[in-house]
There are 2 protein chains.
Amino acid sequence: MKNITEKQQKIFEFIKDYGLRTGYPPTIKEIMDYFSFSSPTAVISHLNALEKKGYIKREKKKSRGITLNEVFLNIPIIGTIPAGVPKIEEENFEGFISVNKDFLGKGQFFSLTVKGDSMKQAGIFDGDYVIVEKNLEIKNGDIVVCFYDGEYTVKYFYKKKNFIELKPANPSYKSIIIKENPLIIGKVVGLFRKIK
Amino acid sequence: MKNITEKQQKIFEFIKDYGLRTGYPPTIKEIMDYFSFSSPTAVISHLNALEKKGYIKREKKKSRGITLNEVFLNIPIIGTIPAGVPKIEEENFEGFISVNKDFLGKGQFFSLTVKGDSMKQAGIFDGDYVIVEKNLEIKNGDIVVCFYDGEYTVKYFYKKKNFIELKPANPSYKSIIIKENPLIIGKVVGLFRKIK
DNA sequence: TTTCATACTGTAAATAATTATACTATAAAT
DNA sequence: ATTTATAGTATAATTATTTACAGTATGAAA
């Protein structure tokens, strides 16, 4: 995103804080009052600049019609997916984990509950929520979510000459060897855990 | 929170979805149009019911002045705290992790970066963000953040007869034994990790 | 030297949005 | 039997909020 001036930065911060505090963005007049401008036009020109530079979006003629382009990325928690159902629908939806956009970057994310301890040594425990990014290039050594034999599984991915190895981090489990193209749902890019 | 009727639930959901989509709550008229009411008073009575039951807050006379009482809990990421500074100020603030309130419950939370691998066997890795809850009762076996010897440390907590043991999960490290009252910052109740 | 972005003042008009008042009707609870 | 909560219609008044227009001034870039 383009550089913004100091004043624009301050106005952006004000909108952000106001939203965090109240749950909705400020009006033009509220911004005007906060910065002691004597005309709403002063605010409008700053908002136009911020919109032009990609920091906010504005709905014309709507009150408080300011959307911050930054802030949160909402990751839906799909929870457990029934075995045998290769499609991820937003039906088993359990809520959201939400992180600052600059935390994970742009992309399509969702979150799943991990079952079992086959990835324990990679720090992925039973009951953890893995954050999965779709449509990412998978490289050897990446942790992936794969649909195999009617179930979802989280494993290390290794592409060998004649097969693909889905390797658990836990040495007590065996690797899965696949010769056909496996159904990779996405790459594990994050983790969320609740600790009792 | 008190039970709400089906209609109230639907209106609450609409406000929630609208907010997720746009970044700001709907106006009374927008709700009215969506539900094909022919009077704003119909909406107002539902909003009054929702407010009375504790689901929303409303700022009178403000446009879009609806705040959802549910939804997100913003956990500030304090990142690294300089060693030797026992007070956690929101100055090293790096952003937010935000989760649904029903995920972690009520309380005061913040998030810190973990340094080192002394808790590796507990699934807490170098670079992880631990979510810390303040003012919780600490029991033996809990993972805590403690200020000791000018630094912050994440360890298992064990209160023995004459001393307190701060035990690492990694057997390569030694326990810290404290005889005076240690400065417990809070209990580790969650974890967030970015995986490259 | 002309253009462009920034950074405003000041006022009026237009429209968006909330509230207020006066009603009707139904089902559940005391 | 009466109160209370729910679930509405319909209209008008009021206030909140945005936009539009006409300006001024400054510094940087082409």
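Lettering follows sequence order; numbering is per chain, from 1.
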Item checked: Check: Arg58(B) main-chain N/O paired with Glu51(B) side-chain donor or acceptor under 3.5 Å ->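 Side chain of Glu51(B) to backbone of Arg58(B), a donor-acceptor pair under 3.5 Å: yes, one is there.
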
Checklist line | Asp126(B) side chain to Asp117(B) backbone, donor-acceptor under 3.5 Å | finding: no

Grab the N/O contacts between the protein and nucleotides 10-15 of chain D below 3.5 Å, and write none if there aren't any.
from	atom 1	to	atom 2	distance (Å)
dA10(D)	OP2	Ser38(B)	OG	3.2
dA10(D)	N7	Ser39(B)	OG	3.0
dA10(D)	N6	Thr41(B)	OG1	2.6

Rounded interatomic separation in angstrom, taking [atom1] from [X] and [atom2] from [N]:
X	N	atom1	atom2	result
Ile44(B)	dT21(C)	CD1	C1'	12 Å
Asn48(A)	dA20(D)	CG	C1'	13 Å
Leu47(A)	dA5(C)	CG	P	17 Å
Ile28(B)	dG8(D)	CD1	P	15 Å

Any [X] side-chain N or O less than 4.0 Å from OP1/OP2 of [N]:
X	N	answer
Ser63(B)	dA16(C)	no
Lys53(B)	dT6(D)	yes
His46(B)	dT6(D)	no
Lys52(B)	dA5(D)	yes
Arg64(B)	dT18(D)	no

Next item on the list: Please confirm whether Tyr24(A) and Tyr24(B) have ring centers closer than 6.0 angstrom.
Entry: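 Aromatic pair excluded; centres sit 6.0 Å or further apart.
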
Notebook entry, point to check: Counting heavy atoms not belonging to Lys167(A), are there more than 12 under 6.0 Å from its NZ?
Noted result: no

Next item on the list: Would you list the pairs meeting side chain to side chain donor-acceptor pair (under 3.5 Å) in which at least one residue belongs to residues 135-145 of chain B, sequence neighbours left out?
Entry: none

Checklist line | Partners meeting salt bridge (Lys or Arg N to Asp or Glu O under 4.0 Å) with Lys174(A) (sequence neighbours left out) | finding: none

Which of these nucleotides, [options], is closest to any side-chain atom of [X]?
X	options	answer
Phe37(A)	dT6(C), dA7(D), dC8(C)	dC8(C)
Lys7(B)	dT6(D), dG8(D), dT19(C)	dG8(D)
Ala42(B)	dT18(D), dA7(C), dT9(D)	dT9(D)

Next item on the list: Run the salt-bridge test on Glu165(A) and Lys160(A) with the 4.0 Å N-O cut-off and return the result as yes or no.
Entry: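 Looking at Lys160(A) together with Glu165(A), the answer is yes, because their closest N to O distance falls below 4.0 Å.
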
Note to self: Counting the atoms with a prime plus P, OP1 and OP2 as sugar-phosphate, which does Gln8(B) contact under 4.0 Å by heavy atoms, base, sugar-phosphate, or nothing?
What the structure shows: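 Sugar-phosphate, no base atom in range.
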
